[in-house]
Amino acid sequence: MEYFVQQLINGVTLGSIYGLIAIGYTMVYGIIGMINFAHGDIFMVGAFISLIVITALGLTVSTGLGLTFVALILVLVCAMIIASAYGWTLERLAYRPLRGSFRLAPLITAIGVSIVLQNYIQIAQGARVKPLQPIITDGYTLMTKTTEAGEFVVQISNIQILIISVTVILMAVFSLIIAKTSLGRSQRACEQDQKMASLLGINVDKTISTTFVMGAALAAVAGLMFLLYYGVIDFFIGFVAGVKAFTAAVLGGIGSLPGAMLGGLVIGLIETFWSAYFSVEYKDVAAFAMLAIVLIFLPQGLLGKPEVEKV
Amino acid sequence: MSSGGPAPGTDLAQIFKDLVVTFLLAAAIFGTTIAFKTETAIGGLTLETHYGLAAAVVGVVVVGRFILWMTVWRKRTVAVSVVPGGLKQAIVGKLGFLGKYFGPTMLLFALVFPFLPFTDRYLLDLGILILTYIMLGWGLNIVVGLAGLLDLGYVAFYAIGAYSYALLAQYFGLSFWICLPLAGILAAFWGIILGFPVLRLRGDYLAIVTLAFGEIIRVVLLNWYQFTGGPDGISGIPRPTFFGLPFKRGEGNFADFFGLDYSSMHRIIFLYFLILLLALVTNFVTNRLRRLPLGRAWEALREDEIACRSIGLNTTLVKLSAFATGAMFAGFAGSFFATRQGFISPESFTFIESALILAIVVLGGMGSQVGVVIASIAMIGGFEIFREAEQFRMLIFGLAMVVIMVWRPRGLISTREPSIFLVRKKSVSADMVAQGEGH
Amino acid sequence: MTRWNEDILLSVERMSMRFGGLLAVDDLSFNVGKGDITALIGPNGAGKTTVFNCITGFYKPTAGRITAHTLEGEKFLLERMDDFRIPKQAKVARTFQNIRLFGGMTVLENLMVGQHNPLMKASKFTFGGILGLSSYKEAEKQAIELAKYWMEKTGLTYRADDAAADLPYGEQRKLEIARAMCTRPKLLCLDEPAAGLNPRESEELNALLLHIRAEEDTGILLIEHDMNVVMEISDHIVVLDYGEKIADGTPEEVRNDPKVIAAYLGVSDEDVENVEQQIEQDVTGSGETEAPK
């Protein structure tokens, strides 16, 4: 039971990170019907930028609490802005020229972009794994259980609290943006019908650019969270995390923001429990198998609308 | 940026504004990741600064864009109107004429290549590598180019072929010539098993699922230590024999039997002709299939799946057959790879490999057999040129993939040759050919 | 006389189709007679294409039964069959409202794909074809003959080697019909075949359909908006409105049916009751009342 609760907490934390990445997939797919394969690598870039800024600021565990807080906000803002620059540039250079081309063209381009980003970071930042000394430590003990083997403690760490609360706040903010602002309205209009939207005076290009920027910014947040949580990153983390987040987006119902979050949580929980109770080696197999199963049996997702084939 | 063609008579203010934006973006992108390199040090990370390099890269980007403004984009509007449609047609006609003789010329060259005076061991190995990718490209072309199904996990079938031969040889001591067809059959079988549940998916979902399957197979090969040797792979895979005659020094071997002096080149030349033969079989079968109802059904599927169903085509079977046929050729190529290398491990079957084969098919022009040849030579040859800059190889590969898609989304040879004609064969221009959209 | 109720090619019985909250087709029954040209007409959104999609298996009706009868007396329950089996076994072929051709393939290739199933058999499911068996070559020759026949009938012979996407609109429509005919159907379903055609092409289409009825032993079911076409060539007309059948009969009968006129011309709100009364009278007795103009 205690073990279960601990895994539940870990799973929700992991799921929050996946959910943040999944939002980028879901928004881009919703608006231009394209799987932005390179999105996972934007997440990776976000993590690296966070690492650079943290190192530049000299942030360590001994930094005072208030200062750490301010510094982390600075790191977050930097990572979001710079990742947005990546997202915007990629959309302009690699994806926009292909709009209106055959449907699989942007997917193939996105694979190319993903390869470019991975290898660029590998060259610029080195191929080796980057460790980061923990900055936020401690946590709260929720339960303790004494067994013959010793004490088993169920803990929620400060960093888990941070990740979950940041995710919840960002989710709320972005949901508000989509629901209430004119930007959100433009996005939803473009989702329905781009041609009509442009006839009604919506700047479709700008709306799509903004979507990429928003997705990239959230991926950067996820990158920072991942860095703080695991403490190690390398240039390859984007691939598997991207696949898992995409699975989350599909599972939640592609195009749906709450769906992405829900999907992220489910995938995070499945991965954590799989690793805890079955095997760690095959955890990626579980994720990939999950993707296949979801696409085959539940392509419209949990919160998505079923598609009617148009004849 | 590169997409937004400026209107004629663009003023300097606009160019300036654009350059400022370019500078800011370049500074954000390169200024961070190049200027500061994180280095592991004792007691945590340190930053190594490369301001000069970062500034240079940003400078190159901004200046490069300025040059583009001044040259290409300025003339673009004029250039388009200058080239008359008739001339373009004539050029296309010339290309078609070239295409007629390209195939036989290449074939002739491929046949005499091992015996040319300048051909050394290195070039021959490169030739074998290129032919392997040509064969894989032709195999994938069936799935992607003809049937219009985007398969991102093609390398899985290559792996299945390679492991089939390696394991059958290891556990049962079967020879290459028995394993070759078995490897193809096993790969096709797996193609059907994996294909069956996913083939009703839309184009892009199908692509992602095939990617997932490719990764699953790789991870299983990596972790199933007892059976596949895990990351250590399988070594000591038997080399092929010339109808039972091994390529070894000594009596009763190939050189001895034919009264030749022993040379290690014999085996390489033999491998070269083996893969040439396999590739030609792939090409022959594909060309034959295109003229059969099955091949036409593949192309019809790419053009319009719903119309296919309305005239009685069982689209599931059509898709499965394309998937299995493509997988079978990958299986053949895989067992060739295993026998050539003598050693295989999951390392050789990563997603990048799938992407490379796909890039060859797309660059060549989906559905075009000649295109695959040109693209394989360009890609694999290009890889060799960057052999020195190992680090930059993949970066350039990725960039090439993006540039090719943006510049020529339909590949080098995009016209389609009809499979049958009544009076006169006319190539179908690219903009009429669908590329498989899932629907 | 109701010929179509005696010599039945296709019967739709109490069919309904629901999409979520929308009842697109409501309890529809009608028959298609052998050797008839049957027209399915009705205002926009009446559910005509939905009926077509149910008959040809692209949708599964929510309720009801669709039976196809072959000459040999066999029966096929279409609502239970996979879409691709309907043209293959029950011999019902169709065209689409927004033309669906294999655009990158030539006219001849399109017609060859139309004969996929017999050719597949002749090629021993490809294995014989790869080896180049002569029996397949013979079958292919025959297939080309059939394709030539239909190209001639549709006036497309001179475009045999051109890409289908290269043809003008009118010829694309004809090619789609030719491709459907290459499956040797017993029932040909045409979804607005005359839409977008100019008068001359429309004329040619009529001739083609009359030829098919006369020579090919193929019944035709068509959706059409062009009343000239409908009235000129149909033997039997079924009128739909809001998913319900409002009339069923010969062109004469339908032309004079007040309900049909009301549905087509529309009735102002104030007149609804009047019209309903008239219709009531019509149904119960005299039938002499003129429809409101």
Side-chain angles (χ1 to χ4, degrees), chain A residues 33-35 45 48-49 51-52 55-56 60 81-82 85-86 88-89 92-94 96-98 101-109 111-126 128 130-133 239 243 246 250 281-282 284-285 288-289 291-292 295-296 299 309 311, chain B residues 1-4 24-25 28-30 32-34 36-40 43-47 150 152 197-198 201-205 207-209 211-213 215-216 219-220 223 306 351-352 355 358-359 362 391-392 394-395 397-402 404-406 409-410 434-439:
Chain A
M34 162 202 172
I35 299 174
V45 168
F48 266 91
I49 291 163
L51 182 71
I52 290 170
T55 318
T60 60
I81 289 173
I82 291 167
Y86 273 83
W88 192 82
T89 310
R92 278 311 288 271
L93 286 179
R96 190 177 295 181
L98 284 170
S101 182
F102 68 110
R103 184 161 160 184
L104 301 176
L107 177 60
I108 296 169
T109 314
I111 292 169
V113 169
S114 161
I115 295 171
V116 168
L117 284 178
Q118 278 176 25
N119 288 280
Y120 166 68
I121 292 294
Q122 187 187 0
I123 293 167
Q125 295 290 324
R128 266 194 285 164
K130 305 276 171 192
L132 175 73
Q133 300 294 326
F239 180 71
V243 168
F246 178 72
V250 178
E281 287 92 51
Y282 285 100
D284 286 351
V285 171
F288 287 119
L291 172 63
L295 283 178
I296 294 165
E309 185 177 57
V311 179
Chain B
M1 290 169 121
S2 70
S3 60
L24 288 175
L25 286 172
I29 288 170
F30 302 113
T32 45
T33 35
I34 292 183
F36 305 100
K37 185 176 179 188
T38 47
E39 282 292 343
T40 325
L45 287 168
T46 54
L47 282 186
L150 187 53
L152 293 180
V198 303
L201 293 176
R202 270 209 318 264
D204 44 0
Y205 277 15
I208 294 293
V209 169
L211 184 154
F213 280 152
E215 285 298 296
I216 288 174
V219 179
V220 168
N223 285 306
I306 287 175
F351 169 65
I352 288 293
L358 180 70
V362 173
Q391 265 198 316
F392 291 89
M394 289 316 292
L395 181 70
F397 167 58
L399 275 176
M401 220 165 141
V402 176
I404 289 161
M405 282 316 285
V406 173
R410 283 169 184 272
Q435 306 228 313
E437 323 249 314
H439 278 306

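Residue numbers start from 1 in every chain, and the chains themselves are labelled A, B, ... in the order their sequence lines are given, proteins ahead of strands.
- The contact between B:Phe30 and chain A is made by backbone and side chain atoms together, counting heavy-atom distances below 4.5 Å.
- Heavy atoms closer than 4.5 Å to chain B are found in the side chain of A:Leu107, but not in its backbone.
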Yes or no on side-chain contact (heavy atoms from CB on, under 4.5 Å) for B:Leu358 and A:Ile108, after CA distance, side-chain angles and deciding distance?
CA-CA 9 Å; B:Leu358 180 70; A:Ile108 296 169; 4.0 Å; yes
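- The candidate with the highest count of non-hydrogen atom pairs below 4.5 Å against chain B, out of A:Leu98, A:Leu117, A:Asn119, is A:Asn119.
- Proximity to chain A (any heavy atom under 4.5 Å) is restricted, for B:Met401, to the side chain, taken from C-beta onward.
- Closest of all the heavy-atom pairs between B:Thr32 and A:Ile52 is O-CD1, 3.7 Å.
- Contact annotation: the side chain of A:Ile115 never approaches that of B:Phe351 to less than 4.5 Å [non-hydrogen atoms, C-beta and beyond].
- In this structure the side chain of B:Tyr205 reaches within 4.5 angstrom of the side chain of A:Val250, judged on heavy atoms.
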Walk me through it: do B:Asn223 and A:Val285 pass the test side-chain contact (heavy atoms from CB on, under 4.5 Å)?
CA-CA 10 Å; B:Asn223 285 306; A:Val285 171; 5.5 Å; no
Worked verdict on A:Gln125 versus B:Thr38 for side chain to side chain donor-acceptor pair (under 3.5 Å):
CA-CA 6 Å; A:Gln125 295 290 324; B:Thr38 47; 3.0 Å; yes
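- No side-chain heavy atom of B:Ile29 sits under 4.5 Å from any side-chain heavy atom of A:Ile82.
- Across all their heavy atoms, A:Leu93 and B:Val406 have their closest contact at O-CG2, 4.1 Å.
- Minimum heavy-atom separation, B:Ile216 to A:Ala289: CD1-N, 3.7 Å.
- In terms of heavy atoms, A:Ala94 sits closest to B:Val402 at CB-CG1, 3.9 Å.
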Show your working on side-chain contact (heavy atoms from CB on, under 4.5 Å) between A:Thr55 and B:Thr46 and close with a plain yes or no.
CA-CA 7 Å; A:Thr55 318; B:Thr46 54; 5.6 Å; no
